[in-house]
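Per chain, numbering begins at 1; letters A, B, ... match sequence-line order. Only heavy atoms go into these numbers, but all of them, side chains included; no hydrogens, no water, no symmetry mates.
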Number of protein chains: 2
Amino acid sequence: MTGPRGGMLELAVLGSLHETPLHGYELRKRLNTLLGMFRAFSYGSLYPCLRALLNDGLITEEEPPADTVIGRRSKIVYKLTAEGKERLHELLTQSGPSSWEDESFGIRFAFFGHTEAEVRLRILEGRRSRLEERLDSVRTALARTRERLDSYTLELQRHGLESVEREVRWLNELIDSERRGATAREDPSTTTEPPHVVQDGTKRADTPEADK
Amino acid sequence: MTGPRGGMLELAVLGSLHETPLHGYELRKRLNTLLGMFRAFSYGSLYPCLRALLNDGLITEEEPPADTVIGRRSKIVYKLTAEGKERLHELLTQSGPSSWEDESFGIRFAFFGHTEAEVRLRILEGRRSRLEERLDSVRTALARTRERLDSYTLELQRHGLESVEREVRWLNELIDSERRGATAREDPSTTTEPPHVVQDGTKRADTPEADK
DNA sequence: CGCAGATGTATCGAACCGATACATCCGCAG
DNA sequence: CTGCGGATGTATCGGTTCGATACATCTGCG
């Protein structure tokens, strides 16, 4: 009812504004830098989202400094409200299937610094089983139709599989790293320190509740 | 006005139906197998697209065999019309910026077997410069904000960069391969032979036609 | 028999993109 | 000083696709 606010943009915006107040243009740049190669939001979604968040009282326009010329209004700087912070915390606590899909995972990961260790682990494992599930289905489909595909299609499959296998290895390292760092100490006061990434080959632990 | 037909689904559907007539359900499976890990269309886009294509006369419902029970109508098998083939050829000839974006490239590549060598090369090179452009912008942005990012964000950036660099290397190999094979001989009559694509070790020659 | 799971067709709202349109600010060449 | 191009900045519109859902049929199996 209140506008476009079910997607990942909400988290992305609230998460960004949590650091410091920003206006739309800057917000977009920050966001797309933050997400690197994973995602790039456009104004076509950003501005409607800002309006909806404003409308719901999760963000407000920041007061301009008093020395501003009266009739002038150019930048519109947004900042989080108390309700916005609450909502952000709520979003960062969740770890449903919507956290480890392709479009969402990068965003969740980008805010791992503000996410509880337990949630981080669930998301990483969820992402991993999602990918392994996909690997399975593609591999079996490939085995059944092997000789019917032309070389280009085959090459596409091969590259795709390799890429995903690579991401799974990456996730394994991250999960190992999380587990090692997790039980070490319990200090919720400081901003959660990421346990630095170490490498190891194939690790296989069971995963929490795959799909649906 | 004719419905959802500007996207990649049109090419995907026409390209798939070019091989053999199919009904929706099977079409989707074929498509998602074809595209491997790159993409997965849903019914929510597939059926509207089929309706639009039908509406435009690019595909038709295939006549059921005469021995079908009268009142029964379950599967709806679609096949390409002459106009559809024409349109497909038109789509396969184009090579605009829309060919090398993330969502489109995989689909274009999947049908390289039916694409002219020159077009293939343009698409591969377009994709490559698109990715390099992105690498540049992320790398410079990273250099400017290096110390402001937490470890998780940094790790995300690192992984993203590595993935894209990997894809660029892949493209380089493909482009080399295309160029080598291109000037070798000139035979437009036969279905375009892919120039020596990387082979994979696993041979699985059995499994005689289990699918229907 | 009955029922679970694959097959099969279909729709709706929500999310997001790409293009586009403007307006303002600022450095700098003429 | 002027004007002009490019970055900054706000905003919308149409169109594509997803995710969830609904429902009907066919098929193997205990």
Side-chain angles (χ1 to χ4, degrees), chain A residues 1-13 22-32 35 38-54 61 64 68-69 71-78 96-104 106-107 130 137 211-212, chain B residues 1-13 22-32 35 38-54 61 64 68-69 71-78 96-104 106-107 130 137 141 210-212:
Chain A
M1 212 66 59
T2 20
R5 260 203 31 255
M8 279 298 118
L9 240 184
E10 180 182 15
L11 172 58
V13 169
L22 290 170
H23 49 103
Y25 188 84
E26 206 175 0
L27 178 54
R28 179 186 191 248
K29 280 201 344 192
R30 276 269 233 279
L31 217 41
N32 291 345
L35 299 179
F38 282 97
R39 190 90 197 235
F41 288 107
S42 77
Y43 295 122
S45 21
L46 181 56
Y47 282 110
C49 177
L50 283 173
R51 202 185 319 123
L53 291 174
L54 198 56
E61 298 188 21
T68 312
V69 182
R72 299 287 272 86
R73 174 60 58 132
S74 182
K75 295 186 184 184
I76 305 178
V77 179
Y78 299 98
S98 45
S99 302
W100 45 70
E101 288 309 311
D102 290 329
E103 336 77 48
S104 338
I107 300 181
R130 180 77 186 78
S137 93
D211 200 14
K212 299 178 172 56
Chain B
M1 256 353 112
T2 18
R5 261 202 32 253
M8 278 298 117
L9 239 184
E10 180 182 15
L11 172 57
V13 168
L22 290 170
H23 51 101
Y25 188 84
E26 206 174 0
L27 179 55
R28 179 186 191 249
K29 280 201 342 192
R30 277 273 231 279
L31 218 41
N32 291 346
L35 299 178
F38 282 96
R39 189 91 198 236
F41 288 107
S42 76
Y43 295 123
S45 22
L46 182 55
Y47 281 111
C49 178
L50 283 172
R51 202 185 320 124
L53 291 175
L54 199 55
E61 297 188 21
T68 312
V69 182
R72 300 287 273 84
R73 175 60 56 133
S74 181
K75 295 185 183 184
I76 306 177
V77 179
Y78 299 97
S98 44
S99 303
W100 46 68
E101 288 308 311
D102 290 329
E103 337 78 47
S104 339
I107 301 181
R130 180 76 186 79
S137 93
D211 205 13
K212 60 169 176 174

A:Arg39 near the nucleic acid: base, sugar-phosphate alone, or nothing, with a heavy-atom cut-off under 4.0 Å?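 Sugar-phosphate: the residue A:Arg39, judged by heavy atoms under 4.0 Å, touches backbone atoms but no base.
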
Separation of [X] atom [atom1] from [N] atom [atom2], in whole Å?
X: A:Glu103; N: C:dA14; atom1: CD; atom2: P; result: 18 Å
X: B:Leu9; N: D:dG15; atom1: CG; atom2: P; result: 16 Å
X: A:Glu10; N: C:dA15; atom1: CD; atom2: C1'; result: 13 Å
X: A:Arg28; N: C:dA19; atom1: CZ; atom2: P; result: 12 Å
X: B:Phe41; N: D:dC18; atom1: CZ; atom2: P; result: 6 Å
X: A:Asn32; N: C:dG18; atom1: CG; atom2: C1'; result: 14 Å
X: A:Glu101; N: C:dA15; atom1: CD; atom2: P; result: 16 Å
X: A:Met8; N: C:dC17; atom1: CE; atom2: C1'; result: 17 Å

For nucleotides 6-12 of chain D, just jot down a letter per nucleotide in 5' to 3' order: B, S or -, based on protein non-hydrogen atoms under 4.0 Å. --BBBBB

Between CZ on residue A:Arg28 and OH on residue A:Tyr47, distance to nearest 0.5 Å: 9.5 Å

CG of B:Leu9 to CZ of B:Phe41: how many Å apart, nearest 0.5 Å? 4.0 Å

Less than 4.5 Å apart, side chain to side chain, heavy atoms only: is that true for A:Leu50 and A:Leu27?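 Answer yes - side chains close enough.
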
Note, B:Leu46 side chain near B:Val13 side chain (heavy atom, < 4.5 Å): yes

Note: A:Glu101-A:Arg130 ion pair, threshold 4.0 Å (strictly below): yes

Looking at residues at least two apart in the chain, or sitting in another chain, which of them share a side-chain hydrogen bond (donor to acceptor under 3.5 Å, both in side chains) with A:Ser104?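 For A:Ser104, no residue satisfies side-chain hydrogen bond (donor to acceptor under 3.5 Å, both in side chains) once neighbours in sequence are set aside.
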
